[in-house]
Amino acid sequence: MYDHIEIENKWKKYWEDNKTFKTDVWDFSKPKFYALDMFPYPSGVALHAGHPFGYVATDIVSRMKRMQGYNVLHPIGFDSFGLPAEQFAIKTGKHPNGFTEANMKTMRLQLKTLGLSYDWDREISTHDPKYYKWTQWIFKKMYEDGLAKQINMPVNWCEELGTVLANDEVIDGKSERGGYPVVRKNMKQWVIDIPKYAEKLLSGLNDLDWPESTKEMQRNWIGKSIGALVDFKVDNFNETFTVFTTRCDTLFGATYCVLSPEHELVDKITTEDKKEDVRKYKEESSKKTDLERTELNKEKTGVFIGSYAINPVNGKKIPIWISDYVLASYGTGAIMAVPAHDSRDYEFAKKFNIEIIQVLEEVTGTPHEGETHKDSIVAVVYDKKNDKYLTINWKENGGRLFVGGTRKENESALDCALREIKEETGYDDLEFVKETFKINHHYYAYNKDKYFEIESTGLLFNLKSDHKVAQNLDDDENFIVEWVNKDQIESEVKDELHLKTFNYCINEEAMIGDGIHINSEFLNGLNKQDAIDKMIEFLEKNNLGKKKINYRLREWIFARQRYWGEPIPIVEFEDGTTKALDDKDLPLVLPELDDYKGKNGNPPLENAEDWKYVTIDGKKAKRETSTMPGSAGSSWYFLRYIDPNNDNELANKQLLDYWMPVDLYVGGPEHAVGHLLYARMWNNYLYDKGILSIKEPFKRLVHQGMLLGANGVKMGKRFPEYVINPNDIAKKFGTDTFRLYEMFMGPLEAEKPWSDSGVEGARKFLDRVYRLYTQENKISDSENPNLDKIYNQTVKKVTEDYENLGFNTAISQLMIFVNAVYKEDIFPRKYAEGFIKLLNPVSPYITEELWNKVLGYDNTISYESWPTYDESKLKDETYQMVVQINGKVRGKIEVSMDTTEEEMKKLAKNIDNVKNYIDGKEIIKEVVVPKKLVSIVVK
RNA sequence: GCCUCAGUGGCGGAAUCGGUAGACGCACAGGACUUAAAAUCCUGCGUGAGUUAAAUCACGUGUCGGUUCAAGUCCGACCUGAGGCACCA
């Protein structure tokens, strides 16, 4: 047992006294490496064992890179504006600054104990006026460029928190913090026009080394959809409205239109007799919170407003409805409804009995040249009493099918179906239920040697009684009539047409897939994509609409009605015009208040009477009293680390060009769309301004997985007895053990449960290492060839694994090496030093100690050169190969580098056990994979 | 409902390109040391059959099917779990 307390205190002091990890950012002589952690939020709760996961990971890479000769920037700071400090201020009437600074102090101590090699001279915090001066400055630039602006828009208002929230701060209609209800409210708000950057943010994702899931989440959040705007004239009114659709190919199937209740045209085009209905509906839907809207989305609601729109492609009059399933904030707030081919429209049309026109036909079978066309039916008959369906079993001549047949000339689908059912099965007491979507089917009839292309209509009947007449069959019709249940149909009916028809019969849903167009004049016969292209061409030529790209991403609401945030550096004059403060007036510092709580829904800064009013350019003006959201300060902090004390610019350009982008960024997946999207946008903007030379700030991103308590449940308030404090572990087992254990638990990205015995195992390994160096007396200046291969393998694997953040497998390799050394009597000094260097990034304290005390070096190990390996030592003179017979391992052979494949085969066949399997059998195939196996197939 | 990821011993987890499944650690069992215990060191450890012991054989990576000489790995369908999005037209 080594004394971890003594060793760790000693080296912690050494690193601080010597500023071991101070970065000289101006030293451009070495390659750079920028390793970044998501900076913590200094809440009152201390870090638990889950937080350091990411910190230790970046620290390991930073330490290795330093030893590999990189100039490493590895900073930390605090995201120190935000809600808990605000609530503390409201409760106590004290300035949140003191609370924040105290929390920062606690966390700083915790982080230092973890042995993280940060350059503490670069620490920044977002609430520091010297820092937020530049947050305000960037905002000001965006304001001047029209990117930050005030607009009137529906916002997420949280009454409980007394503030508006951004979309990513609202989860399931409730506030992310606190879980309070959020309602939609029209307000004048500061926003950042992030949709202007939608395309850049989308295309920029392609080259990033990020988790695919995060990139996908950002793509979905941006929500690009390519479609068309189509203009609809309102009959009897001199008005037009525009809809956005991604399916303009289905325009001939539009049977009604829907406007969102908030649409500006609604009041103008509602007919007199419908005014009251509309007024009531609008009132109801405006009262719903977002939560209620989503909860109530099971059942569609809406009202007809009395007027009609003209379908621009065929002049047909179609009714206009309003419904809250159409959102005011997406697209144009109006849609054309095609119930046959959109599930929401289908549901709505079914409920309100609106016409459904099929314009797209699913295609089954394979089309063939020279087909004969037929119209036909497939009839499904359901016997409710026995829960069975009527089928015809053709056995080897087609298997199980439903009743089917060809329509005679001028015969309706219904008549045809009734006739066929009667002829083939005799049943004639039926109730017609519905006709389903038509299917375009292609098949080859063996008995007639002909290819057919049929348009098949599906029909569903209920059996009313068992009444039967005699069947009327042709000679070649040889089958059994059988009633079977649903499961049997699903497993036994193989014919695509019949199975699809059955699904259409029993499921009430729209036909969403691709197919060929029908009932669509110039689109008939085209598939979905071709029809979309042709329709857009048609709309544009006739001035009825145009191609349009739409994004789901909306303006980033950039003001909070709170105190503890960056003041927005804008003033408003009495005439309503606004102006940004001059650069010399930045930072605009938060004033102290007597009361940190806003009154009557006003921001707290409204209470700062002296601060609020200023004279600018000789005119009276009032300051903006909202503050910026938490995501403001974190959108550019990684730039400030590079040059944290610069008072003249946000950071020196030469330094920015050298150090950006961040080479490795590790943080939780909860920031996938919020912070990570905003930071990318600010970085892209600063690139456009020429302040940065790169567009994307984070080259490589990794999310650390969550650490669960020993009970397998998330560490947190709910199970306080399962929360692990890293400082407790550090005290009992040492920080080195803590770091080693956390990294050994499993892949960085995975979710992992804590295990106390696992920690003890990690400590045992460090004790074993310590004993190896201090008690075993094996370290020697002589060589030991027995360790050559394993040492070089270890250097290779550990180096590669650290690079790929595969810490668990790297540590496993270090253990394998130590086990091997224990079996030897001589531990060559060169290998002893190399091993300590390999272990140093994970367990820095014990390795510094051994480097100093046992290996006798005066300096820190932190800048010693990283071990290299000798490729030639990795190779064996002989190696083992597996012999497989019919895919099963039946023996092994030992071969040398110059054994030929023929010799390998011969050796393989010579094994006794192999002989048992091949003697008297015919060898069909022999496969030799050098260095792996010999595979023999016998019969 | 849609998107993304995952599912391997008693447990955490390993396994480049398809090529000996279960590395390493924990737990457990046996042994050595010890008056004894702890610590340490050594050995064993997927399940079943087989044997004094081996050899050997069968089964085995969520389920079912497919491709292949060969599948944890590739393909198809499904089940379960995690995260995200959700009336986005």
Legend entry - Sugar-phosphate only, base, or nothing, as touched by A/Gly761 at under 4.0 Å among non-hydrogen atoms: sugar-phosphate
Legend entry - Any-strand Watson-Crick or G-U partner of B/C5, both distances under 3.5 Å: B/G81
Inset, instruction - Assign A/Arg219 to base, sugar-phosphate, or nothing according to its heavy-atom contacts below 4.0 angstrom with the strands shown. - result: nothing
Legend entry - No-H, no-angle donor-acceptor pair, A/Ser757 side chain to B/C26 base, under 3.5 Å: no
Legend entry - Flag, side chain of A/Tyr822 to backbone of A/Arg768, donor-acceptor distance under 3.5 Å: yes
Inset, instruction - Would you tell me if any nitrogen or oxygen in the side chain of A/Arg768 comes within less than 4.0 Å of OP1 or OP2 on B/C41? - result: yes
Legend entry - Side-chain (A/Lys778) to main-chain (A/Glu824) donor-acceptor, under 3.5 angstrom: yes
Inset, instruction - Report which part of the nucleic acid A/Asp345 touches: base, sugar-phosphate, or nothing (heavy-atom distance under 4.0 Å, all strands). - result: nothing
Legend entry - Nearest-Å distance once atom P is located in both B/U43 and B/A82: 42 Å
Inset, instruction - Pick base, sugar-phosphate or nothing for A/Ile816, based on heavy-atom distances below 4.0 Å to the nucleic acid. - result: sugar-phosphate
Inset, instruction - Have a look at A/Val937 and say if it touches a base, only the backbone sugar-phosphate, or nothing, with a 4.0 Å heavy-atom cut-off. - result: sugar-phosphate
Inset, instruction - Give A/Glu751 one of three labels, base, sugar-phosphate or nothing, depending on what nucleic acid heavy atoms sit under 4.0 Å from its own. - result: sugar-phosphate
Legend entry - Distance below 4.0 Å between A/Lys932 side-chain N/O and B/A70 OP1 or OP2: no
Legend entry - Side-chain donor/acceptor of A/Glu216 to base of B/G84, under 3.5 Å: no
Inset, instruction - Could you measure between the two C1' atoms, the one in B/C75 and the one in B/U67, and give it in whole Å? - result: 7 Å
Legend entry - Who pairs with B/U67 - Watson-Crick or G-U, where each distance is under 3.5 Å: none
Legend entry - Minimum-distance nucleotide (side-chain atoms of A/Phe744 versus B/U20, B/C24, B/C87): B/C24
Legend entry - Length of the CZ-P vector between A/Phe232 and B/A89, whole Å: 16 Å
Legend entry - Sugar-phosphate, base or nothing in reach of A/Pro747, heavy atoms under 4.0 Å: sugar-phosphate
Inset, instruction - Answer with base, sugar-phosphate or nothing: what part of the nucleic acid does A/Ser755 contact at a heavy-atom distance below 4.0 Å? - result: nothing
Inset, instruction - Searching all strands shown, indicate the nucleotide that pairs with B/C11 (Watson-Crick or G-U wobble; both distances under 3.5 Å). - result: B/G25
Inset, instruction - Please determine, for the side chain of A/Val326, which listed nucleotide (B/A89, B/U4, B/A21) has the closest atom? - result: B/A89
Inset, instruction - Taking only the side-chain nitrogens and oxygens of A/Asn220, find out if one of them lies under 4.0 Å from OP1 or OP2 of B/A86. - result: no
Inset, instruction - Can you tell me the pairing partner of B/U52 across any strand shown, Watson-Crick or G-U wobble, with both distances under 3.5 angstrom? - result: none
Inset, instruction - Considering non-hydrogen atoms only, spot the tightest contact between A/Pro312 and A/Phe232 and give its length. - result: CD-CE2, 3.7 Å
Inset, instruction - Using the C1' atoms only, state how far B/G46 lies from B/G13, rounded to an integer number of Å. - result: 15 Å
Legend entry - Side-chain N,O (A/Lys925) to OP1/OP2 (B/C69) below 4.0 Å: yes
Legend entry - Rounded distance in Å between the C1' positions of B/C79 and B/A86: 23 Å
Legend entry - Separation of atom CZ in A/Phe807 from atom C1' in B/A23, rounded to whole Å: 19 Å
Inset, instruction - Please determine if a side-chain N or O atom of A/Ser225 lies less than 4.0 Å away from the OP1 or OP2 oxygen of B/A89. - result: yes
Legend entry - Note: A/Lys764-A/Glu760 ion pair, threshold 4.0 Å (strictly below): no
Legend entry - B/A6 and B/U16, which share atom name P, separated by this distance in whole Å: 14 Å
Inset, instruction - Please work out if A/Ser329 contacts a base, only the sugar-phosphate, or nothing of the nucleic acid, heavy-atom cut-off 4.0 Å. - result: nothing
Inset, instruction - Report yes or no: do A/Tyr551 and A/Glu199 form a side-chain donor-acceptor pair below 3.5 Å? - result: yes
Legend entry - For B/U47, the Watson-Crick or wobble counterpart (both distances under 3.5 Å): B/A58
Inset, instruction - Could you tell me whether the phosphate oxygens of B/U56, OP1 or OP2, come under 4.0 Å of any side-chain nitrogen or oxygen in A/Lys888? - result: no
Inset, instruction - Report which part of the nucleic acid A/Lys892 touches: base, sugar-phosphate, or nothing (heavy-atom distance under 4.0 Å, all strands). - result: base
Inset, instruction - Check whether any side-chain nitrogen or oxygen of A/Arg890 sits under 4.0 Å from OP1 or OP2 of B/C57, and answer yes or no. - result: yes
Legend entry - A/Thr809 side chain, from C-beta outward: closest of B/C24, B/A14, B/A89: B/A14
Inset, instruction - Between B/A23 and B/U35, how far apart are the P atoms? Round to whole Å, please. - result: 37 Å
Inset, instruction - Compute whether any side-chain donor of one residue and acceptor of the other, for A/Thr255 and A/Glu355, lie under 3.5 angstrom apart. - result: no
Legend entry - Rounded P spacing from B/G76 to B/A49 in Å: 40 Å
Inset, instruction - Can you tell me the pairing partner of B/G72 across any strand shown, Watson-Crick or G-U wobble, with both distances under 3.5 angstrom? - result: none
Inset, instruction - Using a 4.0 Å heavy-atom cut-off across all strands, classify A/Ser812 as base, sugar-phosphate, or nothing. - result: base
Legend entry - Distance between C1' atoms of B/G18 and B/C41 (Å, rounded): 41 Å
Inset, instruction - May I ask you to decide whether A/Arg219 forms a salt bridge with A/Glu216, counting only side-chain N to carboxylate O separations under 4.0 Å? - result: yes
Inset, instruction - Kindly say if A/Tyr917 contacts the phosphate of B/C69, meaning a side-chain N or O under 4.0 Å from OP1 or OP2. - result: no
Legend entry - Any A/Asn819 side-chain nitrogen or oxygen under 4.0 Å from OP1 or OP2 of B/A23: no
Inset, instruction - Could you state the atom-to-atom distance from NZ of A/Lys778 to C1' of B/C41 in whole Å? - result: 11 Å
Legend entry - Donor-acceptor contact present, side-chain A/Arg247 to main-chain A/Asp342, <3.5 Å: no
Inset, instruction - Determine which nucleotide pairs with B/A36, using a 3.5 Å limit on both distances of a Watson-Crick or G-U wobble pair. - result: none
Inset, instruction - Check every atom of B/C24, B/C41, B/C69 against the side chain of A/Tyr822 and return the nucleotide holding the closest atom. - result: B/C41
Legend entry - Nearest-nucleotide pick for A/Arg552, side chain only, options being B/C69, B/A21, B/C85: B/C85
Legend entry - Base paired to B/C87 (Watson-Crick or G-U; both N/O distances under 3.5 angstrom): none
Inset, instruction - Compare side-chain N and O positions of A/Arg771 against OP1 and OP2 of B/C41 and report whether any pair is under 4.0 Å apart. - result: yes
Legend entry - Pairwise distance CG(A/Asp209) to NZ(A/Lys215) - rounded to 0.5 angstrom: 7.5 Å
Inset, instruction - Check every strand shown and say whether A/Asn550 touches a base, only sugar-phosphate, or nothing at a heavy-atom separation below 4.0 Å. - result: nothing
Inset, instruction - Give the nucleotide from the list B/A89, B/A27, B/U56 with an atom nearest to the side chain of A/Ile335. - result: B/A89
Inset, instruction - Based on the glycosidic angle (syn within 90° of 0, else anti), state the conformation of B/G9. - result: syn
Inset, instruction - Kindly give the heavy-atom pair with the smallest separation between A/Glu926 and A/Lys905, and that separation in Å. - result: OE2-CD, 3.5 Å
